[in-house]
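Per chain, numbering begins at 1; letters A, B, ... match sequence-line order. All values reported here derive from a predicted model rather than from experimental measurement.
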There are 2 protein chains.
Amino acid sequence: MSEPKTTVRELIREKYATLTASEKKLANALLENYPAAGIASITVVAQNADVSTPTVARMVGKLGFKGFPQFHQSLLSELQAKVQGPTQRRANWATEAPESHLLNRFSQAITRNLSQTLSNVDHDKFDKAAGCLADTNGRLYIVGGRITRALAEYAFTHFQAIRERVTHMTSSSATWPHYVLDMVKGDTLLMFDIRRYETNLLRLAELAKERGVTVIVVTDQWASPIASIADYTFNCWVEIPSAWDSNVSTMMLLETLIAAVQEENWPRAKDRYERLDEIFEAARLFRKP
Amino acid sequence: MSEPKTTVRELIREKYATLTASEKKLANALLENYPAAGIASITVVAQNADVSTPTVARMVGKLGFKGFPQFHQSLLSELQAKVQGPTQRRANWATEAPESHLLNRFSQAITRNLSQTLSNVDHDKFDKAAGCLADTNGRLYIVGGRITRALAEYAFTHFQAIRERVTHMTSSSATWPHYVLDMVKGDTLLMFDIRRYETNLLRLAELAKERGVTVIVVTDQWASPIASIADYTFNCWVEIPSAWDSNVSTMMLLETLIAAVQEENWPRAKDRYERLDEIFEAARLFRKP
DNA sequence: TGTCGTTTGTAAAAATCTTTCCACACACTT
DNA sequence: AAGTGTGTGGAAAGATTTTTACAAACGACA
């Protein structure tokens with residue numbers, strides 16, 4: 001089909017900036033459950049998005065439709081086109097972009113990586129590792145390599161929010177001895193080491209291990225040498241059509257670990273979150289409005 | 001759903017014998033163009049089948065529906081089920097862990113987020129934004145918020161590897177004026193702003209915009225206020241069963257952007273990668289084995 | 001050919017959905 | 001602290017859709 005073919009979805013995105021607060025709410029509800037959320041009477045659509053009928057009518061107007069029925073009809077045709085369309089669009093992933101577009105090639109690779117990563121996690125070890133990360137009797141050290149420094153930082157930001165006694169070992173290895181000096185049995189060291197494995201990190205792991213520290217390493221599918229001495233190893237699939245490696249799956253694993261720790265420490269973590277929010281709020285008030 | 005799972009089509013076939021002449025005419029029209037012919041107002045359906053409205057109403061009653069709206073709804077659900085059909089179900093990449101295990105709950109949420117994010121990227125805008133990020137005539141500034149600082153850093157590490165003239169604006173907003181001072185038209189500002197949106201970032205965006213800088217913002221599904229002044233906005237779905245937001249989809253989008261820029265700048269980017277590797281290799285040799 | 005039962009469509013009534021109007025609420029300015 | 005403007009939802013008015021009522025048309029059978 002060579003039509004200009006603007007879908008309602010595109011229309012919403014296009015005008016999104018010009019929408020008001022509750023219109024955005026509606027837009028999100030629509031996009032979230034598209035197009036189902038839009039195919040109903042205006043009253044129902046409004047209710048499901050938790051806005052008033054006029055808001056729906058107004059937004060539909062803004063999108064360029066003459067009235068709700070027209071909008072409704074438009075969604076309906078889209079739905080129908082989809083059904084009759086040439087061999088159902090591939091999965092959910094396909095955006096409206098052509099098959100060969102980078103977005104699609106990428107999403108495919110990433111999907112594969114996530115799937116591989118997940119099916120290679122031993123959930124028993126996962127739980128145990130989460131237990132170590134949650135244990136506040138010991139100190140938690142976090143360290144990453146050149147590229148994974150960002151992940152280490154992300155981990156630090158979150159772990160700091162949900163538990164005490166967390167240390168981010170900066171990536172400058174010159175400072176590491178200071179930290180190692182204080183490591184004792186019962187502490188945990190969370191390491192990120194993705195290929196182009198770094199010798200420094202291996203040395204660090206060895207030193208930590210000598211002191212009875214529990215070592216958890218998040219690495220790639222080929223496994224960093226650290227894996228052979230670590231207590232817990234997690235392999236993340238990282239290949240993408242590119243010169244470098246993807247860290248999406250690593251990020252997912254990390255977030256899941258954080259969530260697990262949060263759950264384990266719940267009442268305390270919650271308390272910390274709330275206090276943290278309060279402090280940020282207070283800090284914000286220092287600034288002039 | 002309490003439906004006995006019969007499609008309207010089957011229902012029609014089943015009762016076909018008991019239908020009167022003009023009802024059969026209607027039934028045929030319906031089956032001929034199913035389900036489209038049924039999805040419209042009763043008047044239109046009647047007209048298309050060349051029968052009267054009451055005939056439609058009567059037949060719908062015979063099929064066991066309480067009224068035309070119910071019949072209409074039923075067809076709609078069928079249509080929708082067809083669209084989402086096999087797609088949704090297959091996304092079950094469970095590990096061996098039980099359904100309810102955090103790993104699985106998480107993977108499901110994240111899958112959803114990725115899918116939503118992808119289907120809401122406008123690939124045209126994506127390409128254009130990538131173009132800006134690749135343009136080395138202007139300088140590229142990168143900045144993140146409290147949580148997204150890690151992403152900004154990740155972005156910086158990679159962009160620095162594939163192009164010149166990249167600046168990471170540290171998250172301490174006190175230093176921002178220095179950077180803003182040097183911003184000129186043609187520069188690009190890549191911002192990350194996930195909810196708990198930060199006023200600082202908005203101000204920064206405004207200042208940058210005043211200077212003619214192209215602003216690209218990566219935000220969440222609810223859209224940071226920056227979105228309304230930014231040149232390019234990308235919405236990432238971030239909700240997970242947790243007290244905080246996931247950045248997996250954000251990471252994916254970021255990586256895809258990086259890959260796009262890399263592709264655009266290919267020969268040069270490749271060269272930089274190689275030289276960078278050499279330098280790292282050389283640095284490694286300084287250390288004793 | 002007339003009567004009866006059934007089927008069918010017209011048209012009016014009822015129900016529902018959509019739009020419009022207006023007042024209130026909130027934020028931002030003076 | 002009052003004023004202005006925008007955004008929002010309640011509720012009535014307007015439009016459309018659905019249902020119902022009823023009478024004309026048709027065909028079967030006596």
Sole residue of B:D245, B:T219, B:I147 in side-chain contact (heavy atoms from CB on, under 4.5 Å) with B:R195: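 Checked B:D245, B:T219, B:I147 against B:R195; only one passes side-chain contact (heavy atoms from CB on, under 4.5 Å): B:D245.
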
From the options B:V218, B:L114, B:N235, select the one residue that forms a side-chain contact (heavy atoms from CB on, under 4.5 Å) with B:S249.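 It is B:L114; the other options fail the test.
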
Report yes if at least one side-chain N or O of B:T20 is closer than 4.0 Å to OP1 or OP2 of C:dT7; otherwise report no.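 Indeed not, no polar side-chain atom of B:T20 lies that close.
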
Just compare [options] and give me whichever is closest to any side-chain atom of [X].
X	options	value
B:S22	D:dT8, C:dT8, D:dT17	C:dT8
A:S52	D:dG7, D:dG9, D:dT18	D:dG9
A:T53	C:dC17, D:dT18, C:dT19	C:dT19
A:A21	D:dT8, D:dT18, D:dG9	D:dT8
A:F68	C:dG9, C:dT18, D:dT8	C:dT18
B:A57	C:dT18, D:dT19, D:dG7	D:dT19
A:I42	C:dT19, D:dT18, C:dG9	C:dT19

Polar atoms only, N or O, under 3.5 Å: list the protein pairs with nucleotides 21-25 of chain D and their distances.
none

Measure [atom1]/[X] against [atom2]/[N] and give the value in whole Å, please.
X	N	atom1	atom2	result
A:I39	C:dC17	CD1	P	16 Å
A:H72	D:dT17	NE2	C1'	13 Å
B:F71	D:dT19	CZ	C1'	16 Å
A:M59	C:dT19	CE	P	13 Å
B:Q73	D:dT18	CD	P	12 Å
A:K66	C:dT18	NZ	P	16 Å
A:E23	D:dG9	CD	C1'	13 Å

Sequence neighbours left out, what passes salt bridge (Lys or Arg N to Asp or Glu O under 4.0 Å) with B:E239? Give chain and number order.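 Per chain and number, B:E239 pairs via salt bridge (Lys or Arg N to Asp or Glu O under 4.0 Å) with no residue.
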
Taking the side chain as everything from C-beta on, heavy atoms only, tell me whether B:T148 gets closer than 4.5 Å to B:T250.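 With C-beta onward as the side chain, the pair stays apart.
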
Could you tell me the separation between the CG atom of B:L133 and the CD1 atom of B:I216, rounded to the nearest 0.5 Å?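 Nearest 0.5 Å value for the CG-CD1 distance: 4.0 Å.
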
Separation of B:S228 OG from A:K24 NZ (nearest 0.5 Å):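 Nearest 0.5 Å value for the NZ-OG distance: 6.0 Å.
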
I'd like to know if the side chain of A:H101 pairs up with that of B:D127 as donor and acceptor (distance under 3.5 Å, no hydrogens or angles considered).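 A pair is found: one side chain offers a donor N or O, the other an acceptor, under 3.5 Å apart.
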
